[in-house]
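Before anything else, here's the structure in question.
In what follows, every heavy atom counts, from backbone to side chain, and hydrogens, waters and symmetry copies are set aside. The structure displayed is predicted, hence computed values, not measured ones.
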Amino acid sequence: MEENVTFWERLVIGHPVCSGWKLEAEGSIYHLASVLFVLGCMGGSGYFGLLYVYIFFAISFLCTSIWAWMDVCAADVFSWNFILLVICIVQIIHLAYQLRSVTFDKEFQDVYSAVFKPLGISLTIFRKIISYCNAEVVTLERDHCYAVQGKTPIDKLSLLVSGRIRVTVDGEFLHYIFPLQFLDSPEWDSLKPSEEGIFQVTLTAETKCRYVTWRRKKLYLLFAKHRFLAKLFSLLISSDIADKLYALNDKVFIDSGFRFDIRLPNYYHRAVPDQAPSTVPIIRIQKSP
C-alpha cells in the first residue's frame, strides 16, 4: 500500500512544477490543428457524419505532424500524430468505399428518396431490401399488361416509378395507379405467405412505365430475418390500399347525384337492381339502424 501511495505521490505531487511559462505563442500551424480538431468533434452520425469527422481529424493531425517536425523537433510527437493521420486516411478510404457501394440506379434512388428515406431507413438497410430480394427495374411498354385477370399468378410485389397503369375488371375501368404506388398491394395483402393466387383484375400500361419489382418468396424470407422490415412493408402496403379505396370512392355516386363517402360510419349502401337497362349501377343510401 505504501508503495502505491508513493507511486501516486511521485506521479501527481512529486512531478516538478513549471517554474516559468513560455510567453510566446506557438506557431499558427499548431493553432490551426487545434481548431480543425474541434470542428471534427462536431460531426454527426452515419456515413457522411463519420466522413466529416475523419476528414477534419486527418487534416488536424497533418498540421500537428508538420508542427512537431518543423517547430518542436520532437520525433515522438511527430510519430504519434503521423500514425493517427494514417489511421484517419484508412478510415476515410473505407467510408468512401462504403458510400460508393450503396449507390443505386436512378430508379432505386428515386424510390429510396421518396418512400424509404422519409421513414428513417438508411442506405445500408435499403441495400438489403434491393440486393437480398433480387429487386430489378422493369420497363412496361404502352398497352402491355402487367397482369391479366384470371391468368397471371401473384408471385411478386411491384412499385411503379414512372408512367400510369389502368386497372380494369371484366373490361370495366376501376382506377389508375400512379408513380410511387404499388401495382399489386391488394393481391399481396389478400394472401398468406404459404398461399398462392391469381390476379382478379387486369393491369394495363397507359403510357410507357418503369417499375421496381421484388420476388414474393424472397421478400418473405427477408421479413423472417428482419421483423421491422415486415412491419415497414405492412405500413406501406396498408397505406397504398387505402389510397386505392379512396380512388374507387371517387367513382361511386348515388342516383340523386350526391357522392357516396365510404368514410362515413353511420351509413351503408346496397345496390338496387334497375328495371331499365343501364350501364351505371344505382346506389341507394340508407341510415343504419
Only residue of R215, K218, K217 satisfying salt bridge (Lys or Arg N to Asp or Glu O under 4.0 Å) with D155 is R215
Next on the checklist: Can you classify the ring geometry of F57 versus F37 as parallel (below 30°), tilted (30 to 60°) or perpendicular (above 60°)?
Outcome noted: parallel
field: Backbone N/O of A230 and side chain of S234: donor-acceptor pair under 3.5 Å
entry: no
| field | Side-chain (K244) to main-chain (F182) donor-acceptor, under 3.5 angstrom | value | yes
- request: Ignoring hydrogens and angles, tell me if any N or O in the side chain of S65 forms a donor-acceptor pair with the backbone of F61 under 3.5 Å.
  value: yes
- Message: For a 4.5 angstrom cut-off between non-hydrogen side-chain atoms, does V148 reach F199?
- Response: no
* Side chain of E172, backbone of V169: donor and acceptor closer than 3.5 Å? -> no
Note: P118 and A114 closest approach over all heavy atoms is CG-O, 3.7 Å
I want to know whether F82 and F78 have ring centres closer than 6.0 Å.
yes
| Aromatic rings F223 and Y220: how do their planes relate, parallel, tilted or perpendicular, breaks at 30° and 60°? | perpendicular
Report the C-alpha distance between Y52 and F48 in whole Å, list the side-chain angles of each, state the deciding distance to 0.1 Å, and finish with yes or no for ring pair (Phe, Tyr, Trp, His ring centres under 6.0 Å). CA-CA 6 Å; Y52 169 91; F48 289 102; over 10 Å; no
Contact check, side chains of V137 and V161, non-hydrogen atoms, under 4.5 Å: no
ask   = Sub-3.5 Å donor-acceptor pair from the side chain of Q181 to the main-chain atoms of L159, do we have one?
value = no
Q. With distance as the sole test, does W214 use its side chain to make a donor-acceptor pair with the main-chain N or O of I129 at under 3.5 Å?
A. yes
Exercise. Look at the rings of Y30 and W67 and say which category their plane angle falls in: under 30° parallel, 30 to 60° tilted, over 60° perpendicular.
Key: tilted
So CG of L39 and CD1 of I55: to nearest 0.5 Å the spacing works out to 13.0 Å
Would you say that M42 contacts V38 through its side chain, given a criterion of any heavy-atom pair below 4.5 Å between the two side chains? yes
Closest non-hydrogen atoms of P179 and S162, given as atom of the first, atom of the second and distance, are CG-CA, 4.1 Å
Value for SG (C63) from CD1 (I29), rounded to nearest 0.5 Å, stands at 7.0 Å
Shortest non-hydrogen pair, C145 vs L140, comes out as O-CD1, 4.0 Å
task = Could you tell me whether a side-chain N or O of D240 sits under 3.5 Å from a main-chain N or O of L236, the two making a donor and an acceptor?
result = no
TODO: Take atom OH of Y54 as the centre, draw a 6.0 Å sphere, and report whether it contains more than 12 heavy atoms from other residues, nucleotides or ligands.
DONE: no
Report task. Please step through side-chain hydrogen bond (donor to acceptor under 3.5 Å, both in side chains) for the pair T139 and R210, ending with a clear verdict. Result -> CA-CA 4 Å; T139 300; R210 288 178 67 82; 2.5 Å; yes
Is there a side-chain contact between Q149 and D170 in this structure, where contact means two heavy atoms from C-beta onward sitting under 4.5 Å apart? yes
Could you check whether any side-chain N or O of S190 sits under 3.5 Å from a backbone N or O of E187, counting only pairs where one atom can act as donor and the other as acceptor? yes
How about F108 and Y112: are their ring centres within less than 6.0 Å of each other?
-> no
Exercise. Please tell me if the side chains of L157 and I237 come closer than 4.5 Å, counting only heavy atoms from C-beta onward.
Key: yes
| task | Keeping the roles fixed (side chain from N81, backbone from A68), state whether a donor-acceptor pair exists under 3.5 Å. | result | no
Rounding to 0.5 Å, atoms OG1 (T213) and NZ (K156) come to a distance of 5.0 Å
In this structure, CD1 of I154 is separated from CD of E196 (nearest 0.5 Å) by 10.0 Å
Worksheet item: Is the CZ atom of F116 crowded by more than 12 outside heavy atoms at less than 6.0 Å?
Response: yes
dist I165:CD1 -> C209:SG (nearest 0.5 Å) comes out at 3.5 Å
Do V167 and T202 come within less than 4.5 Å of each other through their side chains, counting heavy atoms only? no
Heavy atoms of L191 and E195 approach each other most closely as CA-OE1, 3.6 Å
Scanning both residues in full, the closest heavy-atom pair of G40 with V53 reads O-CG2, 3.3 Å
*Apply the test side-chain contact (heavy atoms from CB on, under 4.5 Å) to residues T168 and L174: give CA-CA distance (whole Å), side-chain angles for both, the deciding distance (0.1 Å), then the verdict.*
CA-CA 5 Å; T168 58; L174 289 181; 5.9 Å; no
*Using atom types as modelled and distance alone, determine if a side-chain donor or acceptor of S60 lies under 3.5 Å from a backbone N or O of A33.*
yes
Value for CD1 (I89) from CG (L84), rounded to nearest 0.5 Å, stands at 11.5 Å
